[in-house]
Amino acid sequence: MAKQEDQFKKVISHAKEYGYVFQSSEIYDGLSAVYDYAQNGIELKKNIRDYWWKAMVQLNENIVGLDSAIFMHPTTWKASGHVDAFNDPMIDNKDSKKRYRADVLVEDYVGKIDTKIEKEIKKAAKRFGEAFNEEEFVATNKRVLDYKAKQEQILKRLGESLTNEDLEDVKALIEELGIACPLSGSKNWTEVKQFNLMFGTKLGASADSAMDLYLRPETAQGIFVNFLNVQKTSRMKIPFGIAQTGKAFRNEIVARQFIFRMREFEQMEMQFFVRPGEQKKWYDTWKENRLNWHLSLGLGKENYRFHDHEKLAHYADAAADIEFKFPFGFKELEGIHSRTDFDLKAHEEHSGKKLQYFDNEINEKYTPYVVETSVGLDRLFLAIFSNSLQEETLEDGSERTVLRLPAVIAPYKAAVLPLVKKDGLPEIAHKIIDDLKFDFNVMYDEKDAIGRRYRRQDANGTPFCITVDHDTLNDNTVTIRHRDTMEQKRVPISELRSIIDDEVSMRKWLQKI
Ligand code: ATP
């Protein structure tokens with residue numbers, strides 16, 4: 001656990017030191033769970049967003065984009081259920097005065113059982129050596145099976161109590177499991193209460209005529225209310241999807257995990273409209289598609305898993321999370337929800353406008369069903385960033401910190417480094433940049449010895465370093481160094497563009513999906 005915490009602290013300080021993420025309003029001691037993206041962070045974030053957008057919108061003939069406003073008519077949130085049901089169960093510890101999400105306390109307890117299972121597996125692997133079959137061990141070992149049964153039983157009870165709004169039982173569960181406040185170790189808990197997560201604000205200048213609004217807690221509703229406008233003007237036929245990226249706001253009860261849980265964050269959502277009855281097929285398809293998209297980034301298959309929901313939201317008939325192994329354990333990265341016709345029907349009801357589709361293939365009018373994919377851009381940023389940050393011991397015994405970001409989304413694709421600051425080398429370096437910059441984000445760096453500059457670019461996640469030296473003056477060749485392998489090659493300047501493109505081209509990465 002301590003090791004995990006250290007690793008997470010390193011991620012946070014690296015993100016600051018290398019200009020990725022800053023605490024918002026830091027000079028005023030910051031604002032809790034609000035962050036700013038700095039010069040490198042904004043590039044990485046933009047590239048992740050582009051990678052998602054291209055995969056969803058550009059590569060699918062039947063998906064189009066949208067950018068709806070953050071402010072929406074307040075009835076939207078009545079219809080969607082957010083006014084009445086967008087609550088999290090919270091609980092306070094009376095001694096530490098800290099507030100927690102009651103469900104998260106229980107889920108974290110269950111997560112700790114995972115660590116126990118992993119320990120059993122490690123022990124057995126050591127004992128059996130090469131003959132060890134992990135799958136068989138997990139399926140048959142009594143201790144592991146008992147742990148798993150316990151996990152299942154706890155989650156089932158939590159799911160049922162939350163569905164039935166039986167908050168007393170949630171508290172009873174916390175007490176029965178002996179869950180203590182992670183800060184103080186105290187088990188002195190208040191009752192569990194519901195807390196609405198929407199931020200309220202006002203539209204209009206004068207106090208009496210101002211209208212109460214909410215900052216949107218998800219981007220999805222902007223898609224639903226525009227469903228018919230988009231369908232008619234794009235002449236899309238069902239099945240088709242609408243994708244959107246944008247800010248969402250939630251007054252989260254607990255927000256202590258850096259950009260994992262923020263109060264202002266960005267979502268990338270796609271609502272896929274389908275014929276009633278076909279939702280299961282599309283739900284399975286999108287689960288698979290989305291996992292493949294994540295896997296294409298190359299962070300390792302073992303770091304992802306599905307979690308099928310026990311407790312379904314009021315609008316869903318099936319739901320699953322793609323979970324990722326963050327430095328603090330497996331947690332939700334993306335949600336895939338089969339939302340039925342709940343949203344469109346609710347908006348029809350509250351607006352009095354029809355949101356139906358005439359399907360001329362079957363000669364029928366209906367309210368489409370919806371399958372949603374919803375991923376948090378900031379959470380994805382954290383997944384990629386934390387997984388990429390690695391400490392390595394090199395052959396000569398020295399250490400290096402390397403940020404192995406997938407090259408396709410790295411903020412800078414190359415750094416151009418003149419060996420010395422004289423003899424015309426900086427001028428050549430600038431000339432190389434002036435050519436490459438039309439295709440790639442490239443930077444110039446002349447400060448410090450070349451070895452230190454390499455290390456700085458490694459830690460910054462830059463896939464290539466290009467060094468201009470005195471030989472360049474004679475033969476127009478440079479040294480190109482690869483971030484991951486540290487291999488260096490002498491190449492003509494004229495080949496740089498294709499060498500870099502080979503590794504960073506979005507086309508090649510997207511083709512892997
Ligand atoms: P959680 O259970 O972690 O609160 P959720 O189930 O409420 O998440 P959804 O409403 O399904 O989340 O939102 C879809 C995605 O938006 C999540 O998978 C996550 O990646 C992202 N997300 C949700 N809340 C936040 C937040 N407060 N900060 C950053 N990302 C978030």
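Order of listing sets the numbers, starting from 1, for every ligand and every atom in it.
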*If you measure from each heavy atom of Arg263 to ligand 1, is any distance below 4.0 Å?*
no
*asked:* Would Arg379 count as a polar contact of ligand 1, with the cut-off being nitrogen or oxygen pairs under 3.5 Å?
replied: yes
*To which protein heavy atom is atom 18 (O) of ligand 1 closest, and what is the distance rounded to 0.1 Å?*
Glu332 OE2, 2.6 Å
*Salt bridge between Glu168 and Lys171, side-chain N to carboxylate O under 4.0 Å?*
no
*Output the list of atoms in ligand 1 that are nearer than 4.0 Å to some heavy atom of Glu334, sorted by atom number.*
18 (O)
*Which atoms of ligand 1 have any heavy atom of Gly335 under 4.0 Å away?*
18 (O)
*asked:* Using a 6.0 Å cut-off, check whether atom CD of Glu176 has over 12 heavy atoms from anything other than its own residue.
replied: yes
_Under the salt bridge (charged side-chain N to carboxylate O under 4.0 Å, His left out) test against Asp88, which residue among Arg250, Lys193, Arg101 passes?_
Arg101
*Can you sort out which atoms of ligand 1 are near Ser374, meaning under 4.0 Å from one of its heavy atoms?*
13 (O), 14 (C), 15 (C), 18 (O)
*Can you label the angle between the His14 ring and the Phe385 ring as parallel, tilted or perpendicular, going by 30° and 60°?*
tilted
*Among the heavy atoms of His309, does any lie under 4.0 Å from an atom of ligand 1?*
no
*By number and element, which atoms of ligand 1 are closer than 4.0 Å to a non-hydrogen atom of Leu333?*
18 (O), 19 (C), 20 (O)
_Give me the residue, atom name and distance of the protein heavy atom closest to atom 28 (N) of ligand 1._
Met262 N, 2.8 Å
*Looking only at protein heavy atoms, which one is nearest to atom 29 (C) of ligand 1, and how far off is it?*
Phe260 O, 3.2 Å
*Counting heavy atoms only, name the option from Arg250, Lys331, Gln257 that's nearest to atom 24 (N) of ligand 1.*
Arg250
*Is there at least one pair of N or O atoms, one from Gly376 and one from ligand 1, spaced under 3.5 Å apart?*
yes
*For Asp359, check salt bridge (charged side-chain N to carboxylate O under 4.0 Å, His left out) against everything at least two apart and list the hits.*
Arg275
*Is Lys16 paired with Glu26 through a side-chain N to carboxylate O contact shorter than 4.0 Å?*
yes
_Identity of the nearest option to atom 4 (O) of ligand 1, non-hydrogen atoms only, from Arg261, Glu252, Gln267_ = Arg261
*Kindly say whether the aromatic ring centers of Phe326 and Phe324 come within a distance under 6.0 Å.*
yes
*Any Lys/Arg nitrogen of Glu269 or Arg216 sitting under 4.0 Å from an Asp/Glu carboxylate oxygen of the other?*
no
_Below the 3.5 angstrom mark, is there an N/O of Phe265, backbone or side chain, next to an N/O of ligand 1?_
no
*Residues forming a side chain to side chain donor-acceptor pair (under 3.5 Å) with Lys331, sequence neighbours excluded*: Asp108
